[in-house]
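For reference, the structure is listed below as structure tokens.
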2 protein chains.
Amino acid sequence: MTHTSVADLLAGKHQVGEQVTVKGWIRTRRDSKAGISFLAVHDGSCFNPIQAVVPNKLNNYDNEILRLTAGCSVAITGNLVESQGKGQSFEIQADEVTVIGWVENPDSYPMAAKRHSIEYLREYAHLRPRTNVIGAITRVRNCLSQALHRFFHEQGFYWISTPIITASDCEGAGEMFRVSTLDFANLPRTENGAVDFSDDFFGKEAFLTVSGQLNVETYACALSKVYTFGPTFRAENSNTSRHLAEFWMVEPEIAFANLDDAAELAEKMLKYVFKAVLDERRDDMEFFAQRIQKDAITRLESFISQDFAQVDYTDAIDILIQSGRKFEYPVQWGIDMSSEHERYLAEEHFKSPVVVKNYPKDIKAFYMRMNEDGNTVAAMDVLAPGIGEIIGGSQREERLDVLDARLSEMNLNQEDYSWYRDLRRYGTVPHSGFGLGFDRLVTYVTGMQNIRDVIPFPRAPRLADY
Amino acid sequence: MTHTSVADLLAGKHQVGEQVTVKGWIRTRRDSKAGISFLAVHDGSCFNPIQAVVPNKLNNYDNEILRLTAGCSVAITGNLVESQGKGQSFEIQADEVTVIGWVENPDSYPMAAKRHSIEYLREYAHLRPRTNVIGAITRVRNCLSQALHRFFHEQGFYWISTPIITASDCEGAGEMFRVSTLDFANLPRTENGAVDFSDDFFGKEAFLTVSGQLNVETYACALSKVYTFGPTFRAENSNTSRHLAEFWMVEPEIAFANLDDAAELAEKMLKYVFKAVLDERRDDMEFFAQRIQKDAITRLESFISQDFAQVDYTDAIDILIQSGRKFEYPVQWGIDMSSEHERYLAEEHFKSPVVVKNYPKDIKAFYMRMNEDGNTVAAMDVLAPGIGEIIGGSQREERLDVLDARLSEMNLNQEDYSWYRDLRRYGTVPHSGFGLGFDRLVTYVTGMQNIRDVIPFPRAPRLADY
């Protein structure tokens, strides 16, 4: 390809005076009385468009340039010059403007150049990437994902692709979607009338995974430091701004590690990726700070510069009780904290990210390691100011006898977990990990209010368009 | 964490004479008559284990060290010394060996220290990562995925997470899995007796995606250079060594790009990731060359050093006809080449990777760009010696009228593609892309014969264990 990205041009990677070609879409056109048009051209490579200054001496000035509207695609060749305008470094003195694609009926173009509500944009998920806000989210989302992979790579972790389709409905983290190739109009039946899943594709019932954790533990118990980064699913009927039926999760798992090691990893990881966004996507973050959330940049800076606070669940409950604050949900030992409690701790009490550790066993999963007190397990949540819980994790129960006791206490069937139990029968090791909802992370960083705006094509109850 | 990885120790990142602690699993134990035991300890951080030399003066020598078997987990502290042994750089003179986890009944431990067949290992997908071969595959798989993300990042691409669940069954690339939360035992019916999907989770029929391409085109038409890297699905009843029901795909898509640009990108990308594997995973590649496929390293080296050949489909057919070779499937213009044809071209005729371009329109998808001859489309396949097709791609039809003509020619419904058509109505641009089956890439690089061995938990007909 012989053209140059807007990002490279604006970053000064080309010499002033050089002949350059840029290809992109018109954001705005402004015509001066002096017979010059100013085209703002974006190609998504960075937040800002580049300005092309088009003189009326061009052959197609009257019949094409003056008809250009938002969304038209063009190729522009000309001289790169320093810009006289405010806020831009370089611009192009156009020698040639070729129209590649017109906008059919500009008046009804859904992304016409005006301010659209975020709800309106959601109706046009295939065109909204052309807007400033979705473009910026996309670049930040990419930056976070790249930084996560880079972080784990530098720390010696291996990426494991755990299965999406699972035949075990024993993960217990939430409602599951069924996956099937049976003919619904004509379901095969067993003799006693039940649906005969032995005819289904996998020869038994199959579902979409809710977490890769149990699977990835098998790799942690062999390669020591591993992580997943892939889609997970919840078939819950939650039509909220914080839930998706399909979302991406990051789940690191480390062998020879206790809960404190997991907390330390979580802190390092979050700081690393926030720093990457501040370093690499300043342009987009400035937009978020201007238009979406005033402290978008400063709160990441403050997140990075602070040590995480650490507090035991039991002490956290005391803090909440002694706060004198009237909470909607009453506080007592044993509760599953709600968002108001979490945010009070992070925003008002500690005024920093805080790791809450050692939760009551009765509100946590079977695989979390039992503490010596017999009442709590080695679980942790990372709470961040402005969002509440952002990470949940635990040390896993590596002692077979304790694990088995927990399984039977919770009426779970040992045989369903035979391979999971094998990890404890053969060279068991202390190990720990956590889960980070990637889309929630993007929500937090961008300051967007609704998680449906930070993923390209959101899936939720009654929503599976495109 | 206060211990050190085997990889760091063997790579010389610690000083000789330093006191170090390593944690891992026993691969082998050998006892000398002089009262010294040699433990090979691996932690998955690299191919080789580190040797710990354990003197019988340790307190637990008789009752623990001499009972250690393959798979036991240990922590070993001692002095790092240069190794006298052949083929290893450093070893540990152990001062302390702590047994963390025993192996229950070592004689029946499924991964006991002997050579297991790859088919046997497949029965123990949760324990096989502890073996040399699956460990090596896992590290190479990770290296390839890291290198792919890095390559696209360096080239200015943005990663897009296209949806896994899709309500459009119009992708046409293969049989799909249905996703549902309906109660199979009691399906809701419409008045005329059909299954009533309006009660299903998404309010309509939903499936697992077979490709993110159509979706990611919407982002290419806004951010110019994008790619997907995620799971895709085929509900085909193919029980072969080359097919999975669930596999990972990489799909770059570039705006303002023609078929040659896509071919150039494919060549650069493959060479980049192969070079990364040779640079970063020499240890594992040497194992593959020794045990799995003799030319595992040399064929990657040769792949990198050659320019890809380029040939038109029509010329390729002539070459096959004139070869005098008797093929199982007869050759004539219009056929969908089979593996024997592809391998003849790459391995015997060109003796290099080859890009075959401009296929007959009748064997290709509706979205591929019609060439001027009216008979062929701007499609390409990249064929590699030793495997055949590794990449398939095309320039996309960006002209609305031509696209619509193709849709009706193929009896496809315009309305099903309304959002896809919008990309052509509003600022359309030439754009191109391709798909790379990630698991096939891992198969190719490692020389493994069966794709089920290069993904942690393979899914295939009647196979969804773990």
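Just so we're clear, the structure is a prediction, and the values are computed from it rather than from any experiment. Chain naming here is simple, since letters A, B, ... match the order of the sequence lines and numbering starts at 1 in each.
Taking CZ of B:F201 as the reference point, atom CG of A:L463 lies at 9.5 Å (rounded to 0.5 Å). Remark: A:Y466 OH to B:T218 OG1 distance equals 9.0 Å, nearest 0.5 Å.
Contacts between A:C221 and chain B at a heavy-atom distance below 4.5 Å involve backbone atoms as well as side-chain atoms. Heavy-atom distances place the backbone of A:D200, and not its side chain, under 4.5 Å from chain B. Contacts of A:A206 with chain B are absent, with no heavy-atom separation under 4.5 Å from either backbone or side chain. Heavy-atom distances place the backbone of B:A460, and not its side chain, under 4.5 Å from chain A. If you measure heavy-atom distances from B:S145 to chain A, the contacts under 4.5 Å come from the side chain alone. Both the backbone and the side chain of A:P163 come within less than 4.5 Å of a heavy atom of chain B. Proximity to chain B (any heavy atom under 4.5 Å) is shown, for A:A112, by neither the backbone nor the side chain.
Checked against side chain to side chain donor-acceptor pair (under 3.5 Å), B:T4 has no partners two or more places apart in sequence or in another chain. Legend: residues meeting side chain to side chain donor-acceptor pair (under 3.5 Å) with B:Y227, ordered by chain and number and at least two apart, are A:Q146, B:H149.
Per-residue heavy-atom pair counts under 4.5 Å with chain A were compared for B:P110, B:P106, B:G193, and the maximum is reached by B:P110. With respect to chain A, the highest number of heavy-atom pairs below 4.5 Å among B:F197, B:F438, B:Y420 belongs to B:F197. Annotation: maximal heavy-atom pairing with chain B below 4.5 Å, among A:S161, A:S418, A:A194, occurs at A:S161. Your options are A:I164, A:I134, A:L127, and the one with the most heavy-atom pairs under 4.5 Å with chain B is A:I164. Heavy-atom pairs under 4.5 Å with chain A were tallied for B:I100, B:V99, B:D8; the largest tally goes to B:I100. Of all the listed residues (B:R141, B:E398, B:H153), the one sharing the greatest number of non-hydrogen pairs under 4.5 Å with chain A is B:H153. Counting heavy-atom pairs under 4.5 Å between each of B:G203, B:P129, B:A245 and chain A puts B:P129 at the top.
Put simply, the side chain of A:R459 gets close to the backbone of B:I165: a donor and an acceptor are under 3.5 Å apart. Remark: the backbone N or O of A:T428 is paired with a side-chain donor or acceptor of B:S73 at under 3.5 angstrom. Of the possible polar contacts, one joining the A:Y158 side chain to the B:S45 backbone as a donor-acceptor pair under 3.5 Å is found.
Under 4.0 Å is where a charged nitrogen must lie from a carboxylate oxygen, and between B:K204 and A:D465 at least one such pair does. Ion pair B:R178/A:D183 not flagged as a salt bridge, since none of the NZ, NE, NH1 or NH2 atoms sits closer than 4.0 Å to an Asp/Glu carboxylate oxygen.
Note: B:F229 and A:W159 have perpendicular aromatic rings, judged against thresholds of 30 and 60 degrees for the angle between ring planes.
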- Item | Derivation and outcome, ring pair (Phe, Tyr, Trp, His ring centres under 6.0 Å), residues B:Y426 and A:Y124 | CA-CA 13 Å; B:Y426 304 124; A:Y124 296 93; 9.1 Å; no
- Task: Would you check, one step at a time, whether the test side chain to side chain contact (heavy atoms under 4.5 Å, CB included) holds for A:V429 with B:W25?
- Result: CA-CA 9 Å; A:V429 297; B:W25 293 266; 3.9 Å; yes
